Amino acid sequence: MEEGTLKSPTHCTGTEDDYEVMQWDTRQGCEVRQILDRVADKWSLLVIALLDRRSLRFSELRRQIDGISQRMLTVTLRQLERDGLVKRTVHPVVPPRVDYELTPLGATLHDTIRSLVIWTEEHQNEIAASRTDYDRRMAHEAAQAS
């Protein structure tokens, strides 16, 4: 193991060459799956993307995220705040004004999400062709089976 590599529950993987791909899912105390489930859901991805450029009020977020309920936006923002990805600022005015913005940690996640979106955009035609080919093969196999 490399010097400085941690083996605590907060660091679920090391830098060993024999890294077990499913280790993050089975290691006691490792929350990688739970964190991935949280940050990779569609509402979290949209909130993080919208907060990349500026802080927004709750109502602005709700208007810009088509199909999200008030309750789901509240839950999503609370989870992102709890995870340290979003900062909530309450301004002492009447009526109260609440702004949401990405934390520095949230900004690093946005960079990662942006890379994934770029990859998706670059390969969407290949994926669409693969889907069409797969669907054609499955339809052909189903027709032969009947």
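Just so it is clear, the model here is predicted, and its values are computed rather than measured.
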Worksheet, complete the sentence: When rounded to the nearest 0.5 Å, the distance separating CD of Gln64 from CG of Leu61 is 7.0 Å

Worksheet item: Is Val98 reachable from Trp43 through a run of hydrophobic residues whose side-chain heavy atoms are each under 4.5 Å from the next?
Response: yes

Worksheet item: By the rule that ILVMFWY residues connect when side-chain heavy atoms come within less than 4.5 angstrom, directly or transitively, which residues belong alongside Trp119?
Response: Ile127

Practice prompt. Not counting sequence neighbours, which residues clear side chain to side chain contact (heavy atoms under 4.5 Å, CB included) with Glu81? List them please.
Written response: Arg88

Fill in: Hphob cluster co-occupancy, Leu46 + Val117, side-chain heavy atoms under 4.5 angstrom
yes

Worksheet item: Under a 4.5 Å side-chain heavy-atom rule over Ile, Leu, Val, Met, Phe, Trp and Tyr, are Tyr100 and Val90 clustered together?
Response: yes

Response to the item:
Note: Ser44 and Val39 closest approach over all heavy atoms is CB-O, 3.9 Å

Discussion item. Could you check whether atom NE2 of His140 has more than 12 heavy atoms from other residues, nucleotides or ligands sitting under 6.0 Å from it?
Written reply: no

Item to complete: Could you tell me the separation between the CG atom of Leu109 and the CG atom of Leu85, rounded to the nearest 0.5 Å?
Response: 6.0 Å

Item to complete: Treating Ile, Leu, Val, Met, Phe, Trp and Tyr as nodes and any side-chain heavy-atom pair under 4.5 angstrom as an edge, say whether Ile113 and Leu105 lie in one connected cluster.
Response: yes

Worksheet item: When rounded to the nearest 0.5 angstrom, what distance separates CD1 in Ile65 from CE in Met72?
Response: 11.5 Å

Worksheet item: What is the distance from atom CG of Asn125 to atom OG of Ser130, rounded to the nearest 0.5 Å?
Response: 11.0 Å

Practice prompt. Could you tell me which non-hydrogen atom of Glu60 sits nearest to which non-hydrogen atom of Arg54, and how far apart they are?
Written response: OE2-NH1, 3.9 Å

Fill in: Any donor-acceptor N or O pair under 3.5 Å, side chains Arg114, His110
yes

Discussion item. Can you confirm whether more than 12 heavy atoms, excluding those of Asp135, are under 6.0 Å from its CG atom?
Written reply: yes

Response to the item:
Distance col, row Arg63:CZ vs Leu73:CG, nearest 0.5 angstrom, shows 12.0 Å

Discussion item. Salt bridge check, Asp133 against Arg137: does any charged N sit closer than 4.0 Å to a carboxylate O?
Written reply: yes

Worksheet item: Arg38: what forms a side chain to side chain contact (heavy atoms under 4.5 Å, CB included) with it, not counting sequence neighbours?
Response: Gln34, Gln79, Asp83

Item to complete: Kindly compute the distance separating CG (Leu77) from CG (Leu56), expressed to the nearest 0.5 Å.
Response: 10.0 Å

Fill in: Backbone of His123 reached by a side-chain donor or acceptor of Glu126 within 3.5 Å
no

